[in-house]
Amino acid sequence: MTPAELSALLLLSATELLARRAGDVAPTLTVADLALERPRNRDHGDWSTNLAMKIAKAVGVAPRELAAELAEGFRLIDGISAVDVAGPGFINFTLDAAAAGSLAKAIVEQGAAYGRTDALVGQTINLEFVSANPTGPLHIGHTRWAALGDSIARVLTASGATVATEFYINDAGTQMDNFGASILAAARGLPTPENGYPGSYIAELAAKVVAERPDLLELADDEALAIARERGYALQLGDIRSSLERFNVHFDVWFSERDLHAVDAGTGQSLITAAIDRLRVQGHVFDDDDAVWVRTTDFGDDKDRVIRRGNGIVTYFAADAAYYLNKSDRGFAHKIYLLGADHHGYVHRLKALAGAAGDDPDRDIEVLIGQLVSINGARLSKRAGNIIELDDLQAWLGTDALRYSLGRYPADSPLTLDPELLQKRTNDNPVFYVQYAHARTFSVARNAAASGVGRSVFDASLLTHDTESALLGLLAELPRVVAQAAELREPHRIARYCEELAGSYHRWYDNCRVTPVGDESVTDVHRTRLWLSDATGVALRNGLDLLGVSAPDRM
RNA sequence: GCGCCCGUAGCUCAGCGGAUAGAGCAAUUGACUACGGAUCAAUAGGCCGGGGGUUCAAAUCCCUCCGGGCGCACCA
């Protein structure tokens, strides 16, 4: 019996009681009111609800008394072996071993689908993250957003949402010229220009550009600059894409900022100028001081924002506006932005933008702010040139450990990584603990096959050991954990869950053997336990996959 | 000055109002002639930054103060 099935049965029984007791004034119950949870203390049963305490006031009965009445009805439900009232009014349930154990087979049969729900079905979500300037390699901050954003996309999809992941390429503006000038200077053997990029990767790009275009050094400044910029851009973006691919991070759309600036020959409009017009129609645009403004203060921003400067040049904010509207035009009602804490000043203006466009800032746009990652206390700056690249981090840790260690913390938690610890590649990193548990399920299966333990019989009533009911209880939680991770945009919950599940599995393994010892013959207990071991492997694999981490069969 | 985030065990961090606040690491002590000891069992370690408030119930919600991070452009 899954928690969802149990909830449904409890709901039926509770509704019946309330109707009998309170008649028409009875509060209407939903599954959410039942709030089944796993008690921390195993003595409190398999599942617990605080329903009685929640609705006691509305019903007009003391919580404990109401709990006792509810419990009476719950005891009649098939598959429940015990119902107890405890503390201020908790109702605790213990399931029959057979009812609890049936889950193991169900999980194996569902396979990769186990953990998926329709919690967010019908939602169409645009998720933008990383969105780095293509003027240098991805650094550790980008790496965190890449890991997080990709995992958020995976849990959203697993919960039934339709998701598009986007990388916004900031390829317009003066920083691209600075980038090109840096490459050209390096190619000519000159020092880094003012406002240029000093990293050593610039010299590498310069060498590649010169190899492609040996004539570069002969050309006039303007032409040489354009070639250095455009070829450098293409090479750098290619590096970014392949870095992300190696990191198991997938983007559905690579959106170039230049597309927003490009003028359509037919209409004479760019997406940006069209966006300004559309905002003006909405009534939130005004002219002042030769400039064009959006009255973002109407929507909670602390000051109004210029969208077109006095000299006629549009601001960065204009591109943001056009991009936002473009996402809407492409059918995404809901837009999620994942930004670093150093950009959190944008939250108000982005929200205001949604409002000015006629959308609901509380519903249609969501800005997640991720705290920065530091290493040994030193923050890293791309401009300073002391970047730690995604590729370097990968070489240190491997994709699995890196994705896992970045994915197991919530975005708003500041994160300090210790490079010496990371380089040790020891068990300090919980990813090994989880992966080992998964590999162990395969090891168990291999040994079972060698000992003649097959899967011909599954008798859930034989799963009676304490560690088995604990393991089954945790296995039952995966769908809820995934749905919650999706709703809260917090994939770290998956990692924490995997660690708990791995621990539970190891404890079970120490207590319950799948293969017989010595002269013992193979029994249905062995066969049934093999199903439980398999089910744990499935749940661990599905969890790790949501984090973009591999689940090896052996290590 | 204003805004956002954070403050939980020695360290790194979980804990979207519930029962005795948890995990990993570090420390101490045990368990392989039994499916992989990359494991398990046990011990020790806490005014949940301080103070008010809401609630049957607060690490969690509200107010305030203290400490730390980040941000407050007609830059991109």
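Just so it is clear: chains get the letters A, B, ... in the order the sequence lines come, proteins before strands, and each one is counted from 1. Atoms considered below: every heavy atom in the structure, side chains included; atoms not considered: hydrogens, waters and symmetry mates.
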Visitor: Below the 4.0 Å mark, does B/G36 have OP1 or OP2 next to a side-chain nitrogen or oxygen of A/N447?
Guide: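 Yes.
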
Visitor: Does A/P410 reach a base, just sugar-phosphate, or nothing at all? Heavy atoms under 4.0 Å.
Guide: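 Since only primed, P, OP1 and OP2 atoms lie under 4.0 Å of A/P410, the category is sugar-phosphate.
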
Visitor: Side-chain N or O of A/T515 less than 4.0 angstrom from OP1 or OP2 on B/A34?
Guide: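 No, no such contact exists.
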
Visitor: Is the cationic atom of A/R440 (NZ for Lys, CZ for Arg) positioned less than 6.0 Å from the six-membered ring centroid of A/Y509 and within 45 degrees of its normal?
Guide: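 Yes, a cation-pi geometry holds between A/R440 and A/Y509.
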
Visitor: When the P atoms of B/C48 and B/C11 are considered, how many whole Å apart are they?
Guide: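 Looking at atom P only, B/C48 and B/C11 are 16 Å apart.
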
Visitor: Once you apply a heavy-atom cut-off of 4.0 Å, does A/I369 come out as touching a base, just sugar-phosphate, or nothing?
Guide: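 Since no nucleic acid heavy atom lies under 4.0 Å of A/I369, the category is nothing.
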
Visitor: If you pin A/D510 and A/I313 to their nearest nucleotides in RNA chain B, which one's is more 5'?
Guide: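 Residue closer to the 5' terminus by nearest nucleotide: A/D510.
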
Visitor: Can you find a side chain N or O atom of A/K351 that sits less than 4.0 Å from OP1 or OP2 on B/C4?
Guide: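 False: A/K351 side-chain N/O out of range (4.0 Å or more) of B/C4 OP1/OP2.
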
Visitor: What does B/G67 pair with, Watson-Crick or G-U, if both distances are under 3.5 Å?
Guide: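 Across all strands, the one nucleotide that pairs with B/G67 is B/C6.
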
Visitor: Heavy atoms under 4.0 Å, any strand shown: does A/M53 hit a base, just sugar-phosphate, or nothing?
Guide: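 If one applies the 4.0 Å heavy-atom cut-off, A/M53 turns out to touch a base.
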
Visitor: According to a strict under-4.0 Å criterion, is A/Y433 in side-chain N/O contact with OP1 or OP2 of B/C40?
Guide: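 Yes, such a contact exists.
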
Visitor: Please give the distance between the C1' atoms of B/C61 and B/A23 as a whole number of Å.
Guide: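 Nearest-Å result for B/C61 against B/A23 at atom C1': 26 Å.
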
Visitor: Whether A/R493 contacts B/G15 is assessed here as follows: a side-chain N or O lying under 4.0 Å from the phosphate OP1 or OP2. Is that the case?
Guide: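 Affirmative; the distance criterion is met.
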
Visitor: Over how many whole Å does the gap from A/E366 atom CD to B/C4 atom C1' extend?
Guide: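 In whole Å, B/C4 C1' and A/E366 CD are 16 Å from each other.
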
Visitor: B/A44 and B/G7: how far apart are their C1' atoms, nearest whole angstrom?
Guide: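 One C1' to the other, the span is 25 Å.
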
Visitor: Using whole Å, what does the distance between atom P of nucleotide B/G18 and atom CG of A/L36 come to?
Guide: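 That distance rounds to 15 Å.
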
Visitor: Using a heavy-atom cut-off of 4.0 Å across all strands, would you classify A/H348 as base, sugar-phosphate, or nothing?
Guide: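 Sugar-phosphate, no base atom in range.
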
Visitor: Any side-chain N or O of A/S413 less than 4.0 Å from the OP1 or OP2 oxygen of B/C13?
Guide: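 Checking B/C13 against A/S413, no side-chain N or O comes under 4.0 Å of OP1 or OP2.
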
Visitor: Only pairs with both distances under 3.5 Å count, Watson-Crick or wobble alike; so what is the partner of B/U33 in this structure?
Guide: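 Base partner found: none.
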
Visitor: Which part of the nucleic acid, if any, lies within contact of A/R408, taking any heavy atom under 4.0 Å across all strands shown: a base, the sugar-phosphate backbone alone, or nothing?
Guide: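 Here A/R408 touches no strand at all.
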
Visitor: To the nearest Å, give me how far apart NE2 (A/H506) and P (B/A23) are.
Guide: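 Taking NE2 of A/H506 and P of B/A23, I get 16 Å after rounding.
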
Visitor: Does B/A59 have a Watson-Crick or wobble partner in any strand here, with both distances under 3.5 angstrom, and which is it?
Guide: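 Base-paired to nothing in any strand shown.
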
Visitor: Should B/G22 form a Watson-Crick or G-U wobble pair with both distances under 3.5 Å, which nucleotide is its partner?
Guide: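 B/G22 is paired, partner B/C13.
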
Visitor: Rounding to a whole Å, what distance do you find between A/Y409:OH and B/C25:C1'?
Guide: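 In whole Å, B/C25 C1' and A/Y409 OH are 10 Å from each other.
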
Visitor: Rounding to a whole Å, what distance do you find between A/H492:NE2 and B/C13:C1'?
Guide: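 Taking atom C1' of B/C13 as the reference, NE2 of A/H492 is at 10 Å.
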
Visitor: Need one value for A/D342: base, sugar-phosphate or nothing, where a base atom within 4.0 Å counts as base even if backbone is also close, heavy atoms only.
Guide: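 If one applies the 4.0 Å heavy-atom cut-off, A/D342 turns out to touch the sugar-phosphate alone, with no base involved.
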
Visitor: Indicate, with a heavy-atom threshold strictly under 4.0 Å, whether A/N92 touches base, sugar-phosphate, or nothing.
Guide: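 Since a base atom lies under 4.0 Å of A/N92, the category is base.
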
Visitor: At under 4.0 Å, does any side-chain N or O of A/R440 touch on OP1 or OP2 of B/G37?
Guide: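 Yes, within the criterion.
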
Visitor: Atom CG of A/N511 to atom P of B/C35: distance rounded to whole Å?
Guide: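 Rounded to the whole Å, the gap is 14 Å.
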
Visitor: How is A/A172 classified with respect to the nucleic acid when contacts are heavy atoms under 4.0 Å: base, sugar-phosphate, or nothing?
Guide: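 Sugar-phosphate, backbone atoms only, no base.
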
Visitor: Taking B/A14 as the reference, what is the distance to B/U60 when you measure between their C1' atoms (whole Å, please)?
Guide: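 Approximately 13 Å lies between the C1' atom of B/U60 and that of B/A14.
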
Visitor: Is the ring pair A/F299/A/H284 parallel, tilted or perpendicular, if the boundaries are 30 and 60 degrees?
Guide: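 Taking A/H284 first and then A/F299, their aromatic rings stand perpendicular (interplane angle over 60°).
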
Visitor: Would you mind reading off the distance between A/N195 atom CG and B/A76 atom P, rounded to a whole angstrom?
Guide: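 Nearest whole value for this atom pair: 13 Å.
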
Visitor: Do A/W531 and A/L463 come within less than 4.5 Å of each other through their side chains, counting heavy atoms only?
Guide: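 A/W531 vs A/L463: side chains apart.
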
Visitor: Return the nucleotide paired to B/A27: Watson-Crick means purine N1 to pyrimidine N3 with N6-O4 or O6-N4, wobble means G-U with N1-O2 and O6-N3, both under 3.5 Å.
Guide: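 Base partner found: B/U43.
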
Visitor: A/R144 has an atom CZ; how far is it from atom P of B/U12, in whole Å?
Guide: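 Checked: the CZ to P distance equals 14 Å.
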
Visitor: What nucleic acid atoms does A/A341 come within less than 4.0 Å of, heavy atoms only: base, sugar-phosphate, or nothing?
Guide: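 Sugar-phosphate, no base atom in range.
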
Visitor: Both A/V514 and A/D302 contact RNA chain B. Which one's nearest nucleotide lies toward the 5' end?
Guide: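 Result: A/V514.
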
Visitor: With C1' as the reference atom in both, quote the distance from B/C5 to B/A42 in angstrom, rounded to an integer.
Guide: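 Taking atom C1' in both B/C5 and B/A42, they lie 39 Å apart.
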
Visitor: For the base of B/C35 and the side-chain ring of A/Y509, does the geometry meet a stacking cutoff of under 5.5 Å between centres and under 30° between planes?
Guide: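 Taking the rule of under 5.5 Å and under 30°, the ring of A/Y509 does stack on B/C35.
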
Visitor: Has A/F90 got its ring stacked on the base of B/A19, with centres under 5.5 Å and planes less than 30° apart?
Guide: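 Here the ring of A/F90 and the base of B/A19 are stacked, with centres under 5.5 Å and planes under 30°.
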
Visitor: Which value, in whole Å, describes the distance between the P atoms of nucleotides B/A9 and B/G46?
Guide: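 These two P atoms come out 10 Å apart once rounded.
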
Visitor: What interatomic distance, in whole Å, is found between P of B/G15 and the corresponding atom of B/A59?
Guide: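 Per the computed distance, 16 Å lies between those P atoms.
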
Visitor: Under 4.0 angstrom, heavy atoms only, what part of the nucleic acid is A/T174 near: base, sugar-phosphate, or nothing?
Guide: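 A/T174: backbone/sugar contact only, no base atoms under 4.0 Å.
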
Visitor: Name the nucleic acid region contacted by A/Y316, choosing base, sugar-phosphate or nothing; use a 4.0 angstrom heavy-atom cut-off, strictly under.
Guide: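 A/Y316: base contact, heavy atoms under 4.0 Å.
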
Visitor: Using a cut-off of 4.0 Å on non-hydrogen atoms, how would the nucleic acid contact of A/D290 be classed: base, sugar-phosphate, or nothing?
Guide: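 Contact class for A/D290: none.
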
Visitor: Could you tell me which nucleotide pairs with B/C72 by Watson-Crick or G-U wobble geometry, both distances under 3.5 Å, or answer none if nothing does?
Guide: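 Result: B/G1.
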
Visitor: If we require ring centres under 5.5 Å and near-parallel planes under 30°, does A/H343 stack on B/G71?
Guide: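 No; by the centre-distance and plane-angle rule, A/H343 does not count as stacking on B/G71.
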
Visitor: Counting the atoms with a prime plus P, OP1 and OP2 as sugar-phosphate, which does A/G87 contact under 4.0 Å by heavy atoms, base, sugar-phosphate, or nothing?
Guide: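 No contact at all - A/G87 keeps every heavy atom at 4.0 Å or more from the nucleic acid.
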
Visitor: If the C1' atom of B/A58 is compared with that of B/G52, how far apart are they to the nearest Å?
Guide: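 That atom pair is separated by 14 Å.
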
